Amino acid sequence: MRARSRCAICAATPASYAWRAPTFSTRSRRHLHDDPRRERKELFVSETRATTMRTDMCGALRATDAGRTVSVCGWVARRREHGEHLAFIDLRDHTGLVQCVIHGDHDLRSEYVARITGVVRPRPEGTVNASLGTGDIEIQDCIVEILASAEPPPFPLDARADDVDENVRLRFRYLDLRRERLQRNLRARAAVNSAVRRAMERQGFAEVETPMLMPSTPEGAREFLVPSRKEPGSFYALPQSPQLFKQLLMVGGFDRYFQIARCLRDEDLRADRQYEFMQLDAEMSFVDQDDVLAAISEAVLDAAEAVTGERPDAIPRITWHEAMDRYGVDKPDLRFAMELTELTPIFAETGFKAFAGASSIKGIRVPGRAEEFGRSKLDALTDRAKKLGAKGLVWMRVAADGTLDSPVAKFLVEAEQQALRDALAAEPGDLLLVVADEWATSCEVLGHLRNDLGRPPVHKGPYKYVWVVDFPMFVGVSDAGIPKPGHHPFTRPHPDDIDKLESDPMNVRSRAYDLVLNGWELGSGSIRIHEPELQQRIFNLLGIAPDEAMKRFGFFLTPFRYGAPPHGGFAFGIDRLVAILAGEENIREVIAFPKTQSGTDPMTNSPTPVDAKQLLDLGLRVLPKVE
RNA sequence: GGUCCCGUGGUGCAGUUUGGAGUGCACGCCGCCCUGUCAAGGCGGAGGCCGCGGGUUCAAAUCCCGUCGGGACCGCCA
């Protein structure tokens, strides 16, 4: 046993895992740290997970094992029969495949579970399989024990199943899980959990569990409710996050808390959203933003390193305002340029009506794609822009001679056209898109178009982490003219803006921050308000009177009267981080038993109706369906 | 709540535009042959409520309406 920590994906030690060749096959789509081009002679130094039934793992055997008598256990991945005298069986466990040479008649079919005992020998000359990690050797003189027979699987348990209807994969999830892809993804997930836990412990965070059954606090996401049997008509809520409890842990003197916490939100599902998901949830006392960002960065970078083998650089920061200004979104994807360019001054004196008087004119340059955008695609882009809230979209194709091919070109004087080309660094063949509107609208519309036109799949290319800081305290106003909190109502205002709370609330920044990776929001956090007076000031702004605040948040507010430390925290989504690191575009691929977009589980058929007796015990009656 | 895409033997597809016999391909499955294969090969065979319901038609996988299921997105996710 080695003292150094192992790769939790493949159980190899750090010294070896960077050299580990794929042991399943070269057809698999993704490899994390595998590189089959490397030298293979010192490939694999693995713990053998020997048991009373086996001596070695299938995928771990190497030429250095030649001569050993071994026992391996696993599933029949493939068989190649040559009559009753000879057959090749590829036996699979989670470490990979090994070829077993079987003489005589054995009824070994797909997915039969078998124990095979034999002698490891180098393969005969000319039969080495370079695409297998175990391809230099095979197990000969085999004794075959069938441990379980199996019906043929409904889909092939290899890379071909990537194309199988996801509903079928989910119905037979336990079979899907046998595949290399899901084995790797879930082991990457385990590696992330482990690295995160170690990073937090190393930094002095204590792991504390918080309740799953808590009072309903209807702000924010829709909650799952759990009826109380003892008090019919009353309900628990499942936590959207441990937010309130973790702040109380700070009041309780824990100083540094973390938890890999299950969170539940009854909102519609997406590629990056499930009802239940896991967060690294953390909170710290006597800190400011820099402390929190540093601690969380440590966990994220450790997690990334554990999966990819490479530690990312320090995570850069960008303010919310700059993110909106340059990328038009609060979760910028920094893997590609196409930045929003400020054009307002160019058209200060313009005679073009759509631009004249607009408070913000911005544009993006879509390099080299003028050709591709004919009239119908440009009309579709314009529709898209309008749906996103713009009054319109000005498009221009840069012709070979540099002139602007656009229905509005005739409204722009030559100096304006030249300044526009210069500002956007336009080249012949480029498509230019311009929006003139309020600053926020111009940014948001172009930000969407930028993502639509330029964004690679989330898992492609380099990993670009970024902290987005200085979020606005309030976003928009309610119908009654009351500001709406951008993060949550316990978020601390930016210290430089506190004086403006009442006079200019919409321009108050908060001490709230997001972590973004490749355009996906990984998580968010904030420095909190720990003084009851400041908290009530915020509630006043939000139109919540003191008695109302006590009614809604009483159990949370009372503790702060007993001495709360300055504190702040963060939470990021484990599922999303793992998905990106594992090269997946959908978090269902990194969850063992996920639900479909409609919230059902094809394997267990949940949710299901329950017996009338159960409802009776809970004091519940189900209403008839409304037509 | 909304928009768009997809439902054809166990799996993946073609067929739908322009209606004409469940017509076809690949994999898998079952049987036989085969002593160096490796997503083995050869021969043979079985397997279909064309998601479901209704309509149009002499005739519907194909056209129309509805519905169910899956997926992507918008709303929503403090």
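Remember, it's a predicted structure, so these values are computed and weren't measured experimentally. Lettering follows sequence order; numbering is per chain, from 1. The analysis underlying the following values was restricted to heavy atoms, covering all of them including side chains, and did not include hydrogens, waters or symmetry mates.
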Hey, do the aromatic rings of F471(A) and Y513(A) have their centres closer than 6.0 Å?
-> no
Thinking salt bridges, do D601(A) and R173(A) make one under a 4.0 Å N-O criterion?
-> no
Ring center gap for W520(A) and F572(A) short of 6.0 angstrom = no
Do the side chain of N129(A) and the base of C38(B) come within less than 3.5 angstrom through a donor-acceptor pair of N or O atoms?
-> yes
Greater than 12 external heavy atoms within 6.0 Å of E151(A)'s CD | no
Is it true that atom CZ of R552(A) has more than 12 heavy atoms of other residues, nucleotides or ligands lying nearer than 6.0 Å?
-> yes
Any strand, both distances under 3.5 Å, Watson-Crick or G-U wobble: G66(B) pairs with C52(B)
Which part of the nucleic acid does P485(A) contact within heavy-atom distance under 4.0 Å: base, sugar-phosphate only, or nothing?
-> sugar-phosphate
Evaluate whether the aromatic ring of H82(A) and the six-membered ring of the C34(B) base sit under 5.5 Å apart, centre to centre, with an inclination under 30°.
-> no
Look at all strands and tell whether E521(A) reaches a base, only sugar-phosphate, or nothing, counting heavy atoms closer than 4.0 Å.
-> nothing
Could E81(A) and R109(A) be called an ion pair, given the rule that one side-chain N must be under 4.0 Å from one carboxylate O?
-> no
Under 6.0 Å from the CD atom of E219(A), do we count more than 12 heavy atoms belonging to anything else shown?
-> yes
Decide side-chain hydrogen bond (donor to acceptor under 3.5 Å, both in side chains) for T382(A) and D379(A); before the verdict, give the C-alpha distance in whole Å, the side-chain angles of both, and the deciding distance to 0.1 Å.
-> CA-CA 5 Å; T382(A) 306; D379(A) 287 347; 5.0 Å; no
Reading nucleotides 70-77 of chain B 5' to 3', which nucleotides get B (base under 4.0 Å from a protein heavy atom), which S (sugar-phosphate only), which -?
-> SBBSBBBB
R109(A) side-chain N/O to C30(B) phosphate OP1/OP2 under 4.0 Å | yes
Remember a base hit wins even if backbone is also touched, and classify G486(A) as base, sugar-phosphate or nothing at under 4.0 Å, heavy atoms.
-> sugar-phosphate
Between G45(B) and A40(B) - P atom distance, rounded Å | 23 Å
If the C1' atom of G9(B) is compared with that of U35(B), how far apart are they to the nearest Å?
-> 35 Å
Enumerate all atom pairs, one protein N or O and one N or O from nucleotides 6-10 of chain B, separated by less than 3.5 Å.
from: G10(B); atom 1: O2'; to: P154(A); atom 2: O; distance (Å): 2.7

What interatomic distance, in whole Å, is found between C1' of G71(B) and the corresponding atom of G20(B)?
-> 34 Å
Could you measure between the two P atoms, the one in C77(B) and the one in G19(B), and give it in whole Å?
-> 48 Å
Only one of K460(A), R455(A), R450(A) clears salt bridge (charged side-chain N to carboxylate O under 4.0 Å, His left out) with D333(A); which?
-> R455(A)
Atom C1', compared across G41(B) and U62(B): separation rounded to whole Å | 39 Å
Check: Q99(A) side chain, U37(B) base, donor-acceptor under 3.5 Å | yes
